[in-house]
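For reference, the structure discussed in these notes is given below.
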Amino acid sequence: MRLSCQRRPPRAHSLAAALAAALIVASASAAAETDPETDPESGFVIAEGWETVKGNCTVCHSAKLVTQNSGSRAHWADLIVWMQETQGLWQFNPEMEATILDYLATHYGPRTDARRQNLPKRLMPPTPNSADEQGGTASDST
Ligand code: HEC
């Protein structure tokens with residue numbers, strides 16, 4: 001009669017499982033480090049100044065309009081002036097404007113993989129509708 005002494009140590013399986021779990025946890029946190037954390041509500045990258053930007057830049061339009069744009073600090077500064085002059089955007093004190101511009105230029109800076117930037121609205125030709133307002137066609141006046 002043989003003694004059954006061939007049982008494997010019960011630990012082997014659970015050790016392998018623990019190692020696998022540790023690897024999964026490690027790779028998940030590595031992924032989290034490369035993607036910047038974003039605000040689930042607005043999509044803004046969470047970094048210094050984001051709450052100021054969210055508070056001021058989502059009042060009239062969606063945050064997407066902001067996050068889908070990109071450009072240099074000067075581009076953002078131009079855009080803010082354009083909204084202040086034509087769209088009723090309020091003035092910012094210098095510190096607040098610096099906070100906003102630093103944030104935008106850092107997290108929504110010029111992209112090298114994109115097409116050239118859109119022309120600012122003020123450099124665009126008039127639309128057909130605004131041409132209409134300047135007078136009808138010649139045949140109207142007969
Ligand atoms: C007082 C209202 C108002 C506020 C506040 C406002 N905007 Fe705008 N913004 C507008 C309007 C109006 C448009 C034109 C929307 C359109 O074309 O449909 C616009 C357009 C834009 C565009 C698109 C420009 C383009 O080239 O099409 C961007 C980017 C933008 N805003 C960024 C911002 C940022 C950044 C802030 C915060 C500093 C901000 N907006 C705050 C009114 C506002």
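Whatever order the structure lists them in is the order used to number ligands and atoms, beginning at 1.
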Note: Thr52 and Thr99 closest approach over all heavy atoms is OG1-CG2, 4.2 Å
_Check this for me: Gln84, atom CD, are more than 12 non-hydrogen atoms of other residues, nucleotides or ligands nearer than 6.0 Å?_
yes
In terms of its nearest heavy atom to atom 12 (C) of ligand 1, the top option of Gln87, Gln84, Met96 is Gln87
In ligand 1, the atoms that come under 4.0 Å of a heavy atom of Cys60 are 1 (C), 2 (C), 3 (C), 4 (C), 5 (C), 42 (C), 43 (C)
Rounded to 10°, the NE2/His61 to atom 8 (Fe) of ligand 1 to SD/Met83 angle comes out at 180°
Do any N/O atoms on Trp82 end up under 3.5 angstrom from N/O atoms on ligand 1? no
Between Lys64 and Ser62 the two heavy atoms that sit nearest each other are N-OG, 2.8 Å
In this structure, CG of Asp78 is separated from OG of Ser72 (nearest 0.5 Å) by 8.0 Å
Within 4.0 Å of some non-hydrogen atom of Leu79, the atoms of ligand 1 are 24 (C), 28 (C), 29 (C), 30 (C)
Would you call Arg122 and Glu85 a salt bridge, using N to O less than 4.0 angstrom? no
Atoms of ligand 1 under 4.0 Å from any heavy atom of Leu104, numbered from 1 in the order shown, are 35 (C)
Any protein heavy atom under 4.0 Å from atom 18 (O) of ligand 1? no
Heavy-atom proximity to atom 5 (C) of ligand 1, picking from Leu89, Thr52, Leu65, points to Leu89
Atom 38 (C) of ligand 1: closest protein heavy atom, distance to 0.1 Å, is Cys57 SG, 2.6 Å
Review point. Which word best sums up how the rings of Tyr108 and Tyr103 line up, parallel for under 30°, tilted for 30 to 60°, or perpendicular for over 60°?
Key: tilted
Quiz prompt | Lys121 N/O under 3.5 Å from ligand 1 N/O | solution = yes
Quiz prompt | Intermediate values then yes/no, side-chain contact (heavy atoms from CB on, under 4.5 Å), Trp90 and Asn56 | solution = CA-CA 9 Å; Trp90 43 88; Asn56 285 282; 3.0 Å; yes
Checking heavy atoms under 4.0 Å, the part of Asn69 that sits near ligand 1 is side chain
Interatomic distance, CD1@Ile80 vs CD@Gln87, rounded to 0.5 Å, equals 13.5 Å
Here the atoms of ligand 1 under 4.0 Å from any heavy atom belonging to Gly88 are 1 (C)
